[in-house]
Number of protein chains: 2
Amino acid sequence: MGQGTRLSASDEKVLEPLLQHVQSAESGRDLEVEGLSSRSLVLVLDGWACRYKQLEDGRRQIISLFVPGDLSEPFGTLPSLKDSSIGALTPVTYARLQPEELQRIARENAGIHQALWWDLLVTMSMQDERVVSLGRRSASERLGHLFCELCARLDLVGLAEGNTFDMPMTQADLGDLLGLSTVHVNRSLQELRGSGLISLRNRRLIIHDVEELGAISLFDPAYLHVGNGLPASQPGRSTS
Amino acid sequence: MGQGTRLSASDEKVLEPLLQHVQSAESGRDLEVEGLSSRSLVLVLDGWACRYKQLEDGRRQIISLFVPGDLSEPFGTLPSLKDSSIGALTPVTYARLQPEELQRIARENAGIHQALWWDLLVTMSMQDERVVSLGRRSASERLGHLFCELCARLDLVGLAEGNTFDMPMTQADLGDLLGLSTVHVNRSLQELRGSGLISLRNRRLIIHDVEELGAISLFDPAYLHVGNGLPASQPGRSTS
DNA sequence: CGTTTTCTTGACAGGGATCAACACTAGTGG
DNA sequence: CCACTAGTGTTGATCCCTGTCAAGAAAACG
């Protein structure tokens, strides 16, 4: 999932039964709360959500972002990534899946199985790249890098028109995601606007010069693994 | 792997054949280089290594740390985490594994299979926690948090004596791992020493007050998932 | 419309980076 | 055993990126 484009039409049909428990949540609500022992998976259908951790003193860090098509836990079955919460950044429509159900389907369907491994791979790669951003990129580089990544991700699910797309995150949310204060996000954003690289009005982002924005933020799309197919082998699939 | 303690003696025996291709590398050398298409897995037997990315302008970010017992790629088979390099932080002895080989063993041995999933889970949890550190913790909090984590990890593989253990990383390495400059690492280290929380001489670290160090760095060991067994179900293992 | 959230701006403080020496330590070879 | 060298640790001085506080403008919303 993540990039469902990789799934064939018949694959998608297999997933339909999963979409029985469709729910929705308003912006700011939690879909899953930290520490809850029994957790289900969340497949975001519409809106943006995130996984985050909150420190005792209130500091908050968003760990990963979910746009439509994204699955909350890579491979849909690491039930113990539960020391973080899942929150809605906008009003969200989502399907709540039972891990066992997804596992059963994956077992019976090679395409789905591969797609899940691919999703896991991309998720981890993005996580790596986020570490690089937080550790070594400046504020505006982080923003530029994020926008380039989002443009690519949203394009895969048909939510980007060229280099324009909806970016419904609040500046405070961006700060929590990129490890910056709200005020500094605002100023860095203006810097990017000032250079003519982007426009951001009414929650709509236009990247005027993707090449240049990617260059200044040291963005190398390789880590998203789009275009290249699946890696040769995946483990765990013992039935042929 | 990761925390091999979870493996029974018979499990360990199964792994022995993997240890045929044992190699070693001097400090600073790369075990695997970014971009190389065919990669094998690295199981660290002795010494410390890391996975890192280097930006075009020279900035370097260490993404994860490998101590003895650690496997370079979670589940041993995400061959495309290859846009990063693996480097030796100290002289390292390691086994080079073929992904297919490990997969075969995992398929035939439930214990190994579970251990690999557990390793993947812990790896991802640590990665999450690193994101929180880089995004929201101050310099000395990051150091304190790292030391607490290391103490727990090394203890699992018998490399910690109480709260004392070898910490062979250079201050420059620490900077690259925690997103700080070398100089600032030095100063933050002195701050921790000054508070009487730690001693660090001759590459040997003593944590004098783990409780306190954990408290000031907002360290919550839950994410390491030690003590609690494996989560109820793992995917991908379709043969019973 | 008023109310609340979000966005902007300014002034100021501070954590952390950078540059540049200098002190140690350890390994090298004579 | 003693220079000699290279890498690492330590310090000081200085700069600047980013955080904090606070208040006003602009949107979003019921």
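Protein chains get the first letters and strands the later ones, always in sequence-line order, with residue 1 at the start of each.
A:D173 has a carboxylate O that lies under 4.0 Å from a charged side-chain N of A:R60, or vice versa, which qualifies the two as a salt bridge. Between B:E191 and B:R187 there is no salt bridge, since no side-chain N of the basic residue sits under 4.0 Å from a carboxylate O of the acidic one. Of the charged side-chain nitrogens involved, at least one lies within less than 4.0 Å of a carboxylate oxygen, so that B:E129 and A:K53 count as a salt-bridged pair. A salt bridge links B:D176 with A:R136: the distance from a Lys NZ or Arg NE/NH1/NH2 to an Asp or Glu carboxylate oxygen falls below 4.0 Å.
Each end of the helix from C:dC1-D:dG30 to C:dG30-D:dC1 yields a helix axis from five base pairs, and these two axes differ in direction by 50° (to the nearest 10 degrees).
Comparing D:dG19, C:dT9, C:dT6 by their nearest atom to the side chain of A:H184 picks out D:dG19. Ranking D:dA22, C:dA20, D:dG9 by closeness to the A:V183 side chain, first place goes to D:dA22.
Here D:dG9 presents its P atom at 13 Å from CG of B:L205, a figure rounded to the nearest Å. What separates CG of A:L180 from P of C:dG15 is a distance of 17 Å, to the nearest Å. Rounding to whole angstrom units, CZ of residue A:R204 and C1' of C:dC7 are separated by 20 Å. In this structure, B:L178 atom CG and C:dG16 atom P are separated by 11 Å, rounded to whole Å. Atom CG of B:L143 is separated from atom P of C:dG16 by 10 Å (rounded to the nearest Å). Spacing between atom CG of A:L189 and atom P of C:dT8 amounts to 7 Å, rounded to whole angstrom units. The distance between atom CZ of A:R60 and atom C1' of D:dG19, rounded to the nearest whole Å, is 18 Å. Summarising the geometry, the separation between CZ on B:R187 and P on D:dT10 is reported as 11 Å, rounded to the nearest angstrom.
The main-chain N or O of A:Q23 is never found under 3.5 Å from a side-chain atom of A:R96 such that the two would form a donor-acceptor pair.
Surrounding CZ of B:R193 are more than 12 heavy atoms belonging to other residues, nucleotides or ligands, all under 6.0 Å away.
Put simply, B:N186 has a side-chain N or O that comes within less than 4.0 Å of OP1 or OP2 on D:dT10. For the OP1/OP2 pair of D:dT10 and a distance below 4.0 Å, the side-chain nitrogens and oxygens of B:R193 include at least one atom meeting the criterion. A close approach under 4.0 Å does occur between a side-chain nitrogen or oxygen of A:Q171 and OP1 or OP2 of C:dT8. Note on A:Q190: a side-chain N or O is less than 4.0 Å away from OP1 or OP2 of C:dT9.
A:D128 and B:Q127 form a side-chain donor-acceptor contact under 3.5 Å, judged by distance and modelled atom types alone.
Using a 4.0 Å heavy-atom cutoff across all strands shown, B:G179 reaches sugar-phosphate atoms only and no base atom. A:S181 comes within 4.0 angstrom of a base, heavy atoms only. Across all strands, B:R203 comes closer than 4.0 Å only to sugar-phosphate atoms, never to a base (heavy-atom distances). Across all strands shown, B:S138 has heavy atoms under 4.0 Å from sugar-phosphate atoms exclusively, and none from any base.
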Problem set entry | Derivation of the ring pair (Phe, Tyr, Trp, His ring centres under 6.0 Å) call for A:F147 and A:H208 | CA-CA 12 Å; A:F147 293 154; A:H208 295 115; over 10 Å; no

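Across the interface with DNA chain D, nearest-nucleotide mapping of A:N202 and A:R142 shows A:R142 to be the residue nearer the 5′ end.
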